Q: 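Input: one structure, supplied below.
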2 protein chains.
Amino acid sequence: MATGRTHRPATRSRGIPEATVARLPLYLRALTALSERSVPTVSSEELAAAAGVNSAKLRKDFSYLGSYGTRGVGYDVEYLVYQISRELGLTQDWPVVIVGIGNLGAALANYGGFASRGFRVAALIDADPAMAGKPVAGLPVKHTDELEAIISDNGVSIGVIATPAGAAQQVCDRLVAAGVTSILNFAPTVLSVPEGVDVRKVDLSIELQILAFHEQRKAGEDAAQESAAQESAAPAPAVSGGADRRKGPDGDVPAVMPA
Amino acid sequence: MATGRTHRPATRSRGIPEATVARLPLYLRALTALSERSVPTVSSEELAAAAGVNSAKLRKDFSYLGSYGTRGVGYDVEYLVYQISRELGLTQDWPVVIVGIGNLGAALANYGGFASRGFRVAALIDADPAMAGKPVAGLPVKHTDELEAIISDNGVSIGVIATPAGAAQQVCDRLVAAGVTSILNFAPTVLSVPEGVDVRKVDLSIELQILAFHEQRKAGEDAAQESAAQESAAPAPAVSGGADRRKGPDGDVPAVMPA
DNA sequence: ATGTCTTTGTGAACGCGTGCACAAAGATGG
DNA sequence: CCATCTTTGTGCACGCGTTCACAAAGACAT
């Protein structure tokens, strides 16, 4: 899960915990599926299973929104869909711009999950003049020169950055200057933004690295680690002193220092 | 940030907190950049700024790995790169399969961030026979029929699912049955997996919805909410009783119930 | 109307993560 | 060798998030 908020450390927004907000879309998806199957009500137990969470957690989450359930029965599906949608701000239309129409940007433009949730792709923007005018996902790609005008004309407040890492900060600055206050960043960089601008980051390679960590751990449980002695390219610290002592929290850290 | 682990609730893996593990790739990226600029050492303050975190947090994170710094000087960049890489399991090669070669799958296949971190795309797999053999990112797309053989032949333990939601669980089951124990899921579904299999989820639409929530909140700070009265399609609960009372945690929740 | 049964809503306890603030360690200069 | 200065490593406290467990609420049958 690519996660990561920036700024506003843990500001419990309007009394709703951040962790709960992050789960609301999950519930909404499960509820939408139930709604399409014309299921009238669900218990917290059933819905929790469908969303992949604990039922107590789900009930506590809903309790932050108000008392929308009926004891002995459960939750009314349609009503809950509406309440969560409203809470998340999905009853209104959110125009979005995607900057950087490479492989990933094109994939995002074609992604159906946006439109179905109240997000409308207002424009696709790329710095490459050769891309300008080319249709992607039914929209003509605009050149970066038009960025400010597009944002202002469409009242865009959410921007998606899918550029290479090197261009991300510059694009971010222009988006913010033009009035964007929420950014979804796919570029592998830490963006710095002024106060009041929200940034969320999705980093594909980080997710894989976390999986690799757990995978390595699983593999290491059976076979004791001998991989630490296989390489020879291990650099040594440049500092003088005896920094070769190891004080790992466990005793299983090999005391060898790569030469 | 698309985040979300599944199973193993908070198993502090080998003494390293999950939150720390999630930040190690961040540090690694910042350190790699420093390494390329031939910077010999960094202080926790500098590195923390580059990674976008608190310096105290960074020092505590590193303390879980051992004492790799030198007081009065800082951390040796090359040495730290090596230690974190080893800790994350990136000193070895991880063959990966990507299932579902649509727009997103193709974007992932072309993503450079994988190969540079020890991940090797062993195969691209798609269910569409028309895709079979077509080259994507320099690799010929394989048909789903070959899934089990590919995984077994290449010793693949990490799978990436980029299929439509409907196919995800089935693909997941086949991956797991074939020996995959870590899955990165881009399909908007909750996957159920047996014990011992790690699943991480990246959901593009969820990230946008979280941004929309905060965006709505920002907008609502100035203009008091009047949008709640604009629509007419609000469903009412099917249950009989007087469920129309609202007991929101704050008093700012409108007490009107959509008719 | 009364009793039973189901399911919600939440009080309370616990654990993890974060950040402060400082002592210990070592570099550096005289 | 001593003093000073920088920076790490960590003890401690605090707050958020999770989970348990149960009382309250309401549906439903009799």
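So that the names make sense, note that chain A is the first sequence line, chain B the second, and so on, each numbered from 1. What you see is a predicted model; the values in this text were computed from it and never measured.
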Q: Rounded to the nearest 0.5 Å, what's the gap from CD1 on A:I16 to CG on A:L24? Could you check?
A: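 Between atom CD1 of A:I16 and atom CG of A:L24 there are 6.5 Å.
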
Q: Quick one: which residue pairs count as a salt bridge (charged side-chain N to carboxylate O under 4.0 Å, His left out) with a foot in residues 19-30 of chain A, not counting sequence neighbours?
A: A:R23-A:D61, A:R29-B:D203

Q: Whole angstrom is fine here: how far is it from CD in B:E18 over to P in D:dC16?
A: 22 Å

Q: Any donor-acceptor pair under 3.5 Å linking the side chain of B:W94 with the backbone of B:G89?
A: yes

Q: Starting at CZ of A:R23 and ending at C1' of D:dT18, how long is that distance when rounded to a whole Å?
A: 8 Å

Q: In whole Å, I'd like the distance from the CG atom of B:D76 to the C1' atom of C:dG26.
A: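 Whole-Å distance recorded here is 16 Å.
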
Q: Quick check for you: among D:dT10, C:dA27, D:dC20, whose closest atom lies nearest to any side-chain atom of B:S63?
A: D:dT10

Q: Using heavy atoms to find the nearest nucleotide of DNA chain D for B:F62 and A:A19 separately, return the residue whose nucleotide is more 5′.
A: B:F62

Q: Return no unless some side-chain N or O of B:R59 is found under 4.0 Å from OP1 or OP2 of D:dG11.
A: no

Q: Scan residues 31-54 of chain B for pairs that pass salt bridge (charged side-chain N to carboxylate O under 4.0 Å, His left out), counting only residues two or more places apart or in two chains.
A: none

Q: From CG of A:L58 over to C1' of D:dT19, roughly how many Å is that when rounded to an integer?
A: 14 Å

Q: In whole Å, I'd like the distance from the OH atom of B:Y64 to the P atom of D:dT10.
A: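 B:Y64 atom OH is separated from D:dT10 atom P by 10 Å.
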
Q: Report the distance from atom CG of B:L80 to atom C1' of D:dT8, rounded to the nearest whole Å.
A: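 After rounding, the reported distance stands at 13 Å.
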
Q: Look at the side chain of B:A56 and decide which nucleotide, out of C:dT18, C:dG17, C:dA21, has an atom nearest to it.
A: C:dA21

Q: Answer whether the closest heavy-atom distance between the side chains of B:P194 and B:V176 falls below 4.5 Å.
A: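 Yes, at least one pair of side-chain atoms sits under 4.5 Å.
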
Q: Between the base of D:dT7 and the side chain of B:R71, is there any donor-acceptor pair under 3.5 Å?
A: no

Q: Looking at every heavy atom in both B:A30 and B:L47, which two are closest together, and how far apart are they?
A: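 Looking at all heavy atoms of both residues, the closest pair is CB-CD1, 3.8 Å.
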
Q: Taking only the side-chain nitrogens and oxygens of B:Y75, find out if one of them lies under 4.0 Å from OP1 or OP2 of D:dG9.
A: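 True: B:Y75 side-chain N/O within range (under 4.0 Å) of D:dG9 OP1/OP2.
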
Q: Roughly, in whole Å, what's the span from CG in A:N54 to P in C:dG9?
A: 15 Å

Q: Expected output is a numbered-order residue list: members of residues 42-50 of chain A with a heavy atom under 4.0 Å from any atom of DNA chain C. What is it?
A: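 The answer is A:S43, A:S44.
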
Q: Is there a donor and acceptor pair, one atom on the side chain of B:K60 and one on the base of C:dG19, closer than 3.5 Å?
A: yes

Q: Under the 3.5 angstrom rule, does the side chain of A:E207 hit a backbone N or O of B:L184 as a donor-acceptor pair?
A: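 It does not hold such a pair.
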
Q: Please report the distance, rounded to the nearest Å, between CG in A:D61 and C1' in D:dC16.
A: 13 Å

